[in-house]
Amino acid sequence: MGWAVVLGVPAACWIERSVLDKGGGLWHLGPPMSELPKAYEPQAVEAKWYAAWMDGKCFEADPASAKEGYSIVIPPPNVTGILHLGHVLNNALQDILARRARQQGKEVLWLPGTDHAGIATQTKVERQLRDEEGVGRRDVGREEFLKRVWQWKEKHGGIIIQQLKRLGCSCDWSRERFTMDAAYSKWVSQVFVDLFKQGLIHRGKRMVNWCPVSLTALSDEEVIMTPQRSKLYTMRYELADAAGEYIEISTTRPETLMGDTAVAVNPKDPRYVNHVGRKVKRPFPPAEIPIIADEHVDLAFGTGALKITPAHDKADFEIGVRHGLEIIDVLHPDGRIHCPACPDLDGLDRFVARKKAVAKLEAMGLLIKVEEYDNNVGFSERAHVPIEPRISMQWFLKYPCVQQAADAVANGDIKFRPERWAKTYAHWMENLQDWCISRQLWWGHQIPVWYRKDKFAALRDAESLDMHDLGAGDIHVGVDAPADAASWVRDEDVMDTWFSSWLWPFATMAEVGEESPTLRKFYPTCDLVTGPDIIFFWVARMIMAGFQFAGGVPFKNVYFTTIIRDLQGRKMSKSLGNSPDPIDLMEKYGADGLRFGLMRIAPVGSDVRFDETSVEEGRNFANKLYNACRFRQMAGEGNAGSLTLPERNTGVPPVREDSASRLSALETTGSKPVVHDRQDACPPVNPPISAGAGAGALQQDQLPPYHLDIIAKLDALAAGLEESYAEYRFGEIAQRLYEFLWSEFCDKFLEAVKLDLRESATPEARAATLGTFDAVMSRYLQLMSPYMPHITEELSARMGYVREGEYLMQQVLPATPLLTVDAAAAQARAAAIYEAAGRMRNLKAEYKMGSRKDVRFVIKSAPAWLADESKVLALLVGAAEIRLDSAYEAVKGTPAAVTPLGEVYMPLEGLIDVAAERVRLSKEIERIELEVKKCEGKLGNASFVERAPPEVVVQETARLAEWHTKLQQLGEMLAALT
RNA sequence: GCGCGGUUAGCUCAGUGGUAGAGCACCUCCCUGACACGGAGGGGGUCACAGGUUCGAACCCUGUAUCGCGCACCA
């Protein structure tokens with residue numbers, strides 16, 4: 001029984017069975033089929049192998065291993081997240097790195113997990129609460145609300161983890177972490193306490209970015225500056241001491257004028273030298289406010305006079321502090337106006353109030369003009385509404401280890417790729433502002449600070465009270481609550497989500513205070529793969545935390561991915577609906593196809609425009625690979641033993657029991673293969689074609705040129721990949737893999753050796769060819785494996801390149817080249833033949849015989865060795881015969897070409913029915929003459945030339961020229977026939 | 001305003017001083033025993049523009065245009 005029969009069961013069929021029968025039991029063949037499916041069907045194969053890898057614990061990292069460690073921590077996706085193409089790119093890259101490291105014999109830890117995503121998650125659950133129960137979070141209370149969030153997380157959270165598995169990610173899932181895990185939370189508190197004790201964390205009233213929808217403070221990084229088309233209002237305030245005299249002021253925010261406590265001008269402004277120190281009348285609520293002089297005011301902008309609203313603008317606040325101005329807050333936290341003195345505005349939304357305030361000014365005759373104006377407005381990253389600068393009591397962190405962190409990147413201890421991001425990083429590090437780490441949310445790590453109950457109310461009410469005003473006995477900062485908890489009350493705020501994320505590389509590997517073997521083995525991590533958009537949010541902060549808490553850099557290399565855009569160059573986003581669902585793409589093209597397609601385009605250049613056709617290419621490539629192997633199966637067993645059915649179903653696809661014999665296809669028949677221990681650091685997947693095995697073994701120097709050529713090219717591929725990996729050039733790797741398989745292996749080698757697999761071939765030729773195929777393909781599949789893990793595993797198993805119970809993904813890549821002899825001469829011959837074949841096919845096509853098989857060629861002055869290869873050449877060219885004849889005298893007009901193999905002639909006689917061909921040519925000529933007439937008629941028509949668009953005329957002219965050329969060619973061919 | 005990146009075939013993109021490339025799309029022929037998710041052949045580019053360096057420039061330098069991104073300002 002041969003392979004064709006075993007593999008005759010459609011993949012999907014036996015996979016289903018194997019899944020159903022997964023506990024063991026006999027595996028039976030379905031109804032016999034004649035052939036493997038022609039097209040590769042990835043879905044079931046991918047699911048099957050992922051399950052097998054998990055069963056085999058292939059992804060689990062052993063800190064006790066003697067092997068060199070290699071580690072990556074995943075950038076934890078939001079627990080609410082749904083997989084998008086950015087995730088796919090990012091995680092496919094990490095998977096490639098992890099799988100490649102395993103092939104290099106390293107002990108690999110790819111540590112996965114999710115992020116609790118404070119605002120995003122809380123918002124989601126709040127919305128659900130509102131939709132389903134019609135209540136807000138305050139209605140249910142903090143404790144109950146948090147219970148709901150956890151419930152939601154257990155039920156819906158982590159969808160993205162399942163999706164990453166679908167993609168084939170080889171994470172050590174036994175170590176999955178969540179930023180709200182108890183152990184992780186302890187780290188967060190501990191870090192807060194430590195930093196507090198060092199005096200780096202403090203609490204105070206400051207101007208922060210306030211999100212009126214989420215009702216929380218945001219860090220500067222969470223504010224997105226967005227260009228807006230706004231209006232610039234110019235109004236006038238009357239001078240208090242000179243009725244009828246005004247000062248003109250421009251503003252974009254008239255709705256905050258109730259909070260104005262001054263008007264500022266530049267001290268150098270000649271227009272206003274006489275104004276400084278006087279007072280103007282604020283229109284509503286009526287008040288007299290001073291005109292002050294401050295350097296900050298730009299003389300050139302607007303009227304040169306600036307209204308100062310210290311409560312609602314960062315710059316105004318600073319001016320207010322400098323001049324000791326009163327701070328009047330006229331906004332509620334949710335963005336509504338708070339101004340009882342103006343009842344008509346009080347309680348209105350800020351944007352509604354703006355219109356009303358303008359109307360009021362106009363009615364009072366104080367509005368001068370309204371202009372269209374483009375400016376930038378800060379938007380909340382999550383809630384997508386304009387933020388409000390707002391003064392509030394918050395916790396701030398002064399960043400630790402800034403200099404060390406900056407130096408680490410500058411001096412190359414941490415290497416950024418592409419390197420240019422180092423500059424962006426350096427710039428940010430030089431301009432650090434304190435980090436506002438408190439958030440007025442419930443979902444997150446609560447600030448580990450307790451206040452004495454009796455003092456707490458005072459703290460809350462007295463807005464000026466700073467934490468540092470509290471006596472040491474009134475505040476407790478610690479990981480655990482104070483002993484007499486009843487008399488304390490905890491700070492209500494939670495921490496910014498990034499305040500937990502920045503600990504990720506080490507907090508996932510060890511508990512607080514734990515002597516962790518994992519940390520010792522795998523920290524610092526080797527590579528971090530992430531998007532440049534979170535270089536400040538996450539990367540920079542992790543580096544600082546690494547120095548502060550883990551004694552050094554958290555990673556050695558950072559690979560910044562590209563941003564995936566749509567074909568119009570827009571960012572992928574849910575609201576635009578331009579983001580294809582990766583799961584759909586995987587259903588359609590397979591995870592391997594998606595991975596490979598993305599790898600070919602995405603990791604190069606800056607941004608990348610995503611086009612589904614690239615995924616289609618990936619799918620097509622997988623199919624090509626599959627069919628190359630299918631070809632091998634159809635060619636039969638060669639000198640290998642016969643097939644038997646696997647006795648047990650292990651959840652792994654059926655593999656020949658004696659698959660080892662395939663591994664030694666060219667070794668002595670009957671010799672027992674060495675069985676490699678799983679722990680063996682370097683088991684060869686497939687021994688190189690033996691150069692010295694026992695009787696019957698083929699020597700490499702006896703192989704035909706095509707064989708040596710492809711072996712040499714495989715070695716070159718392996719070496720090339722080594723270089724590309726060293727430079728993280730993932731697109732280049734994909735391209736090299738693609739070209740080898742398609743252009744070299746399939747288009748050349750496979751075509752050249754087909755004769756060796758025909759019935760008529762000698763057993764030796766057949767054995768040599770199958771052996772070469774297996775040697776090259778087995779190693780190629782291994783090289784391919786990090787990019788397309790599923791199909792390569794499948795094919796390696798089916799082809800018997802990997803023993804039952806073992807996995808390709810665990811095999812170490814052999815360092816030795818396959819080639820053991822000098823192949824330069826053979827490669828030169830192969831190259832000459834391939835090139836000559838191309839030239840000869842050109843000739844055929846030129847004479848419109850591209851698809852005919854009865855063409856005969858004569859080669860004059862051919863090298864002697866070509867005699868052995870002329871049949872192969874004939875096959876490559878698609879010729880009936882290739883004659884080597886040094887004495888050949890070509891008839892005049894015989895088509896000819898110069899090739900590396902000598903002059904090649906393509907005599908036409910006997911090829912075609914001359915009479916019929918003449919008729920055909922004559923008819924063709926007639927047809928074209930007609931076209932020419934049409935063309936000429938058109939171009940001769942004055943009104944066409946004048947009225948038609950110029951490009952159409954040009955096109956028509958070009959067409960005419962083409963017809964003329966063609967006509968001449970056909971004429972020559974006709975002449976050659978007579 | 002400062003900085004970074006891009007501009008190469010119809011499209012998406014490679015290409016670090018030596019004859020302009022790939023895939024897709026297009027045209028012609030072919031369902032030939034691995035593959036039509038395929039094979040053979042073909043057309044198509046003033047490498048954004050202008051200077052410069054060089055024997056030689058898509059590539060190095062200078063400037064311009066244009067698109068995108070980041071930072072700062074924005075009354």
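So you know, we letter chains A, B, ... as the sequences are listed, proteins then strands, and number each from 1.
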Could you work out which one of B:G41, B:C37, B:C74 sits closest to the side chain of A:Arg619?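 Shortest atom-to-atom distance from the side chain points to B:C37.
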In terms of side-chain heavy atoms of A:Arg758, which of B:G33, B:C71, B:A34 is nearest?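 Of the candidates, B:G33 comes closest.
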So which of residues 587-597 of chain A are in contact with RNA chain B, with a heavy-atom cut-off of under 4.0 Å?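 Here the set is empty: none.
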Between N or O atoms, less than 3.5 Å apart, protein on one side and nucleotides 29-32 of chain B on the other: list the pairs.
residue : atom : partner  : partner atom : Å
B:C29   : O2'  : A:Ser851 : OG           : 2.4
B:C30   : O4'  : A:Ser851 : OG           : 3.0

Result block: side-chain N/O donor-acceptor pairs under 3.5 angstrom for residues 298-309 of chain A, not counting sequence neighbours:
residue  : atom : partner  : partner atom : Å
A:Asp298 : OD1  : A:Ala300 : N            : 2.9
A:Thr303 : OG1  : A:Glu248 : O            : 2.5
A:Thr303 : OG1  : A:Ala305 : N            : 3.3
A:Lys307 : NZ   : A:Thr256 : OG1          : 3.1
A:Lys307 : NZ   : A:Asp260 : OD1          : 2.9
A:Lys307 : NZ   : A:Thr309 : OG1          : 3.2
A:Thr309 : OG1  : A:Asp260 : OD1          : 2.9

In whole Å, I'd like the distance from the CG atom of A:Asn376 to the C1' atom of B:G70.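 Taking atom C1' of B:G70 as the reference, CG of A:Asn376 is at 12 Å.
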Sequence-distant partners of A:Phe536, ring-ring contact (aromatic ring centres under 6.0 Å, His included), two or more places apart: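 For A:Phe536, the residues satisfying ring-ring contact (aromatic ring centres under 6.0 Å, His included) (neighbours in sequence not counted) are A:Trp428.
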Is any side-chain heavy atom of A:Leu331 less than 4.5 Å from a side-chain heavy atom of A:Met258?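 The answer is no; the side chains never approach within 4.5 Å.
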Taking the side chain as every heavy atom from C-beta outward, state whether A:Val539 and A:Thr530 have any pair of such atoms under 4.5 Å apart.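 In short, these two side chains touch, coming nearer than 4.5 Å.
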Stacked cation flag A:Lys754 on A:Phe631, 6.0 angstrom / 45 deg: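 So A:Lys754 does make the cation-pi contact.
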For the residue pair A:Arg619 and A:Tyr589, would you count it as a cation-pi contact if the rule is NZ or CZ under 6.0 angstrom from the ring centre and within 45 degrees of the ring axis?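 No; the conditions do not both hold, so A:Arg619 does not lie above the ring face of A:Tyr589.
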Check this for me: does the side-chain of A:Arg420 come within 3.5 Å of the base of B:C4 through a donor and an acceptor?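 In this structure, the two groups form no donor-acceptor pair.
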Side-chain-base donor-acceptor pair under 3.5 Å for A:Lys624 and B:C35: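 Looking at the base of B:C35, it does pair with a donor or acceptor on the side chain of A:Lys624 (distance under 3.5 Å).
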Any A:Lys38 side-chain N or O less than 4.0 Å from OP1/OP2 of B:C35: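 Yes, such a contact exists.
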Distance below 4.0 Å between A:Asn627 side-chain N/O and B:G38 OP1 or OP2: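 It does not, given that no N or O in the side chain of A:Asn627 lies less than 4.0 Å from OP1 or OP2 of B:G38.
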Excluding sequence neighbours, so at least two apart, what forms side chain to side chain contact (heavy atoms under 4.5 Å, CB included) with A:Val358?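 Partners of A:Val358 under the side chain to side chain contact (heavy atoms under 4.5 Å, CB included) test: A:Tyr233, A:Pro254, A:Leu367.
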Can you give one letter per nucleotide of nucleotides 17-23 of chain B, 5' to 3': B if a protein heavy atom sits under 4.0 Å from the base, S if only from the sugar-phosphate, - if neither? -----SS
